[in-house]
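Report on one structure; see the data block that follows.
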Protein chains: 2
Amino acid sequence: MQDQRDSILACACDLYLSDGFAGLSMRKLAKEVGVTAPALYRYYDGREAVLADLVRQAHRVFLDYLRRGLEAPTPVDRFLSAGEGYIDFALEHPRWYAIMFSGSERLGMDAIPDDIQSMGLAIHQFWNDRVNECMRTGVLKEGDPEGVGLTLWAHSHGMVQLYQQGRLNTDEAGFRRLMKASGARLFGGLMNDDYAARLAELAAEESAVLSGVGAASETDGVKG
Amino acid sequence: MQDQRDSILACACDLYLSDGFAGLSMRKLAKEVGVTAPALYRYYDGREAVLADLVRQAHRVFLDYLRRGLEAPTPVDRFLSAGEGYIDFALEHPRWYAIMFSGSERLGMDAIPDDIQSMGLAIHQFWNDRVNECMRTGVLKEGDPEGVGLTLWAHSHGMVQLYQQGRLNTDEAGFRRLMKASGARLFGGLMNDDYAARLAELAAEESAVLSGVGAASETDGVKG
DNA sequence: GTCTATAATCCGATAGAC
DNA sequence: GTCTATCGGATTATAGAC
């Protein structure tokens, strides 16, 4: 039954999330589910298949996080929300993030199944869409959207990895600050100058007055 | 004897580099060295200790790569050479790169030994030094040098990781192109505008004439 | 210092009874 | 569909003879 597969997968998530990668064995998994090991093979071909489903699950949740801010009013808001979703996911589910970005070798598979690769592409595409929007409305400088998306993605991914490996000597709050500063630095260099100037103006206004002017200032695009 | 430790480490490198992470067992290692497994425990406390030495070795080689271009004439040349060294190392020794940036959990250790953390800090410092130089001579915009160093590092690290996990769907040559383009995009946004303009001029001159003017144009800093 | 032998675990996967 | 029992293999690490 599909019910059993679901509960096996749920237990596999728990096990992986608590004991990590090597901690996920068919025996332990069976004990967690409440059956014996051989029973698992009725639902999954083997450990590989369980792992693959875990990776699928991670991709699904990740995409949910990314899409969380999709109803934001402007392209740049949607972009920033997606970025926040990215970081939230990475920080709230470090092990899922880790398993998503584990190569096939580390997963003990010959190759990543096609459907998982597709999910990866969907994420890539989502990211590029956010960039495209920002470029069309003149927030970002004109240029190769895929390239810009890659630059931004690599930066986020690298930041997360360095933090998760303990190379940044800071806690989560500190990392969020670092991430925000670094992201602003990067994004600032990719923005159109006139938009950057307008942004600076707005920031100055906001710090002087205390009002909510910022929200509607973008749909009347600067360039597009 | 130290000789034996050295030859064990050398064999451990071979084994790890050919068979990967899980392929490095004390038994296989012993067979490779030409002794039996228990003999290894005279020189290493266990598998952990061998791995730690591997990580040390990787750090040493990595620093060599970074320092390769240290005799370049100008700060920005030294920066670019270090960046090339970074990419060369990652591409020529992917497994060493991988083991360097493996968290303690994946290495099966409770914590990264202090001396290894120090080596990591040295690399971080080297990177920041390159940034500092470029900032002092006015190539890079004024700002937090550590922050800028982190932004650049995260970007490089992220690019390498995405490539090595097969997310970029390209070969090594293609990756080098992507990396160069993305690096230029990032670096361009962090440069001083007047320097960027001067760089554009130089590029124009260079494409028109065929001469070697570029080298001496930097020590007379634009700003510093 | 190195060996043989072995302890003590763990693993994935399967055969066959029920 | 689930069980018991088991195969066949791996691993780290240690005890004790030489």
Inset, instruction - Report which part of the nucleic acid A/Ser25 touches: base, sugar-phosphate, or nothing (heavy-atom distance under 4.0 Å, all strands). - result: sugar-phosphate

Nearest to the side chain of [X] - [options]?
X	options	result
A/Thr36	C/dC11, C/dG1, D/dC3	D/dC3
A/Arg42	C/dG12, D/dC3, D/dG1	D/dG1
A/Ala39	C/dG12, C/dA15, D/dT2	D/dT2

Inset, instruction - Go through residues 45-55 of chain B and report each residue with a non-hydrogen atom lying under 4.0 Å from DNA chain D, sorted by number. - result: B/Gly46, B/Arg47

Legend entry - the helix from C/dG1-D/dC18 to C/dC18-D/dG1: angle between end helix axes, five pairs per end, rounded to 10 degrees: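 Angle reported: 10°, given to the nearest ten degrees.
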
Inset, instruction - Let me know, please, whether B/Val35 or A/Ala22 comes out on the 5' side of the other along DNA chain C by nearest nucleotide. - result: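 The residue mapped nearer the 5' terminus is B/Val35.
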
Legend entry - Residue pairs fulfilling side-chain hydrogen bond (donor to acceptor under 3.5 Å, both in side chains) with at least one residue in residues 46-57 of chain B, sequence neighbours excluded: B/Arg5-B/Asp53, B/Tyr44-B/Asp53, B/Asp53-B/Arg56, B/Arg56-B/Asp115, B/Gln57-B/Arg60

Legend entry - Pairs flagged by side-chain hydrogen bond (donor to acceptor under 3.5 Å, both in side chains) wherever residues 116-125 of chain B is involved - sequence neighbours left out: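 Found B/Gln125-B/Asp129.
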
Inset, instruction - With sequence neighbours left out, write down each residue that passes salt bridge (charged side-chain N to carboxylate O under 4.0 Å, His left out) with A/Glu92, or none if nothing qualifies. - result: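 With sequence neighbours excluded, A/Glu92 shows a salt bridge (charged side-chain N to carboxylate O under 4.0 Å, His left out) to no residue whatsoever.
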
Inset, instruction - Would you mind listing every ring pair (Phe, Tyr, Trp, His ring centres under 6.0 Å) that reaches into residues 167-189 of chain A, with sequence neighbours excluded? - result: A/Phe79-A/Phe187, A/Tyr163-A/Phe175

Inset, instruction - Tell me, please, whether A/Phe101 has B/Arg167 positioned over its six-membered ring: NZ or CZ under 6.0 Å from the ring centre and within 45 degrees of its axis? - result: yes

